[in-house]
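The following block contains the structure, expressed as structure tokens.
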Protein chains: 2
Amino acid sequence: MGQTEPAEALRQTAHDRVYRELRARLIGGRMAPGRSVTLRGLAAELGVSPMPVREAVGRLVAERALEMKANRRVSVPEMTPRDIAELVFAREALEPEAARRALAGIDRKAVARLRRTDDELEQHLQLGNVEGYVAANHAFHFTIYRACGSAVLVPLIESLWLRIGPFMRVVYGRIGTNWVVDHHEAAIRAIEGGDAEALALAIRDDIREGMGLMTGGSLQADAPETGQGEAALTRGGL
Amino acid sequence: MGQTEPAEALRQTAHDRVYRELRARLIGGRMAPGRSVTLRGLAAELGVSPMPVREAVGRLVAERALEMKANRRVSVPEMTPRDIAELVFAREALEPEAARRALAGIDRKAVARLRRTDDELEQHLQLGNVEGYVAANHAFHFTIYRACGSAVLVPLIESLWLRIGPFMRVVYGRIGTNWVVDHHEAAIRAIEGGDAEALALAIRDDIREGMGLMTGGSLQADAPETGQGEAALTRGGL
DNA sequence: CTCCGGGAAGCGTGATCACAATTCGAAGCT
DNA sequence: AGCTTCGAATTGTGATCACGCTTCCCGGAG
């Protein structure tokens, strides 16, 4: 489950493994906003000493994927609807352009992979497999973005997903009734047709639709402190 | 020297002090690209144990403000002209909008502060004080951006400055001969006139000019591995 | 029953040590 | 003289421990 490679074969350190594990949980929406984590707790859970966890958590705090409160305690950030809207604005500002620049780098094999991923996505959607859906959606987008070969845009976009991740689960719960246009399908067609502008628009619309599903409903709309408005959807996490 | 406040009074930890110090050095262009740093070296230099340095450096690596090579050694990243161009694209995509959203939040006192900062900037420019110029430029931009009150946009933009910082020094060396329009002055006028669009355009042009000064010259243009093309401008750093 | 206070448990932080890998130096060989 | 080679020093990593601080819980006073 993707992250952009900062180097090649240095992923065998304990702290990096912890970092990637937590990252995957956040992007996959497996950690509910507001949930607090502890160094020793994660260490025991992941079978390592608190030391690598300290480093991994520190990195995620720097990326604002985790939040350090005044008491020095670490938790998954809660975001106001406004925060989410700004995150989505940033995504709209960056991702369509990344897709546009990626177009030339997407070969036939990548297109086939996109089709396969999108099929999996639909299956997960019908089977009610939230984890699978989120993972497939992430894979779909970043299969495109990574083709632009940018060491700047892709990590930047990933940092946005990292922060939206915990709220992505909400989208799933509302996607059944609001499904109108399949922007993924439109994106694939644009890629096959070599139409960069159509691809950028498809990505933009896909983001906007997700945004609409997120902010359209309650989503702790008037109780930003509790962050438990979507408790039924976010499940226990951990 | 600004960073967005993640919390209020937790800046008295050693690792946070180290983090902010290194951040300031990077944004201020006081660490030359390609320069490698060591945990124990920084620890001795800053008068702390290697432990807080480890955490601070880890965070900066996560933000890609520092780079961890395959040998696990940490250094200031070298960037290709393409990397810089992408960074600048992201700045153009985010900063004008942040300024637009900030307009309403800029009161008279902030305008006065902007004028003062811009005056200082000009002075540093005439006196040849690179550090002062870079610091004033940073202060000017973020006085505006912070007024938008976004916990998303401002940190995101700051992460971009963090990565461009080591190359900012190059801009200064070329600014004397290429100075055409004072975009800062235009920005202040737009703020006073309440013209959001003019403000956004002024910011965009200011970014573009800096970009032009950066990629216009050599800047390790064909030797991305050495990164010493601008050695005369980047000075020893450390 | 409510409220408050004190102690124990748990928290992040930082220091120190051990270890494996890498780097760098100088000596020795061809 | 140039190249190889071997060893010492340095590096990041991880574990363990001690220290303040906060939080939580449980018992006692009102």
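All of these numbers come straight from a predicted model, not from anything done at the bench. Just so it is clear: chains get the letters A, B, ... in the order the sequence lines come, proteins before strands, and each one is counted from 1.
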Qualifying residues under side-chain contact (heavy atoms from CB on, under 4.5 Å), relative to A/A110, sequence neighbours excluded: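 With sequence neighbours excluded, A/A110 shows a side-chain contact (heavy atoms from CB on, under 4.5 Å) to A/I106, A/D107, A/R113, given in chain and number order.
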
With sequence neighbours excluded, residues passing side-chain contact (heavy atoms from CB on, under 4.5 Å) with B/S49: B/M51, B/P52

With B/V37 via side-chain contact (heavy atoms from CB on, under 4.5 Å) - residues at least two apart: B/M31, B/L42, B/V74

Contacts of type side chain to side chain donor-acceptor pair (under 3.5 Å), residue B/R100, not counting sequence neighbours: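 Testing B/R100 for side chain to side chain donor-acceptor pair (under 3.5 Å), a comparison that skips the adjacent residues, returns B/E97, B/E197.
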
Side chain to side chain donor-acceptor pair (under 3.5 Å) against A/R91, all qualifying residues, sequence neighbours excluded: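 Testing A/R91 for side chain to side chain donor-acceptor pair (under 3.5 Å), a comparison that skips the adjacent residues, returns A/E95.
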
With sequence neighbours excluded, residues passing ring pair (Phe, Tyr, Trp, His ring centres under 6.0 Å) with A/F89: none

Partners meeting side-chain contact (heavy atoms from CB on, under 4.5 Å) with B/E120 (sequence neighbours left out): B/R116, B/H124

Nucleic acid footprint by protein, nucleotides 10-18 of chain D - heavy-atom cut-off 4.0 Å, B for base, S for sugar-phosphate alone: -BBBBBB-B

Global bending angle along the helix from C/dC1-D/dG30 to C/dT30-D/dA1, which compares the axes of five pairs at either end, to 10 degrees: 0°

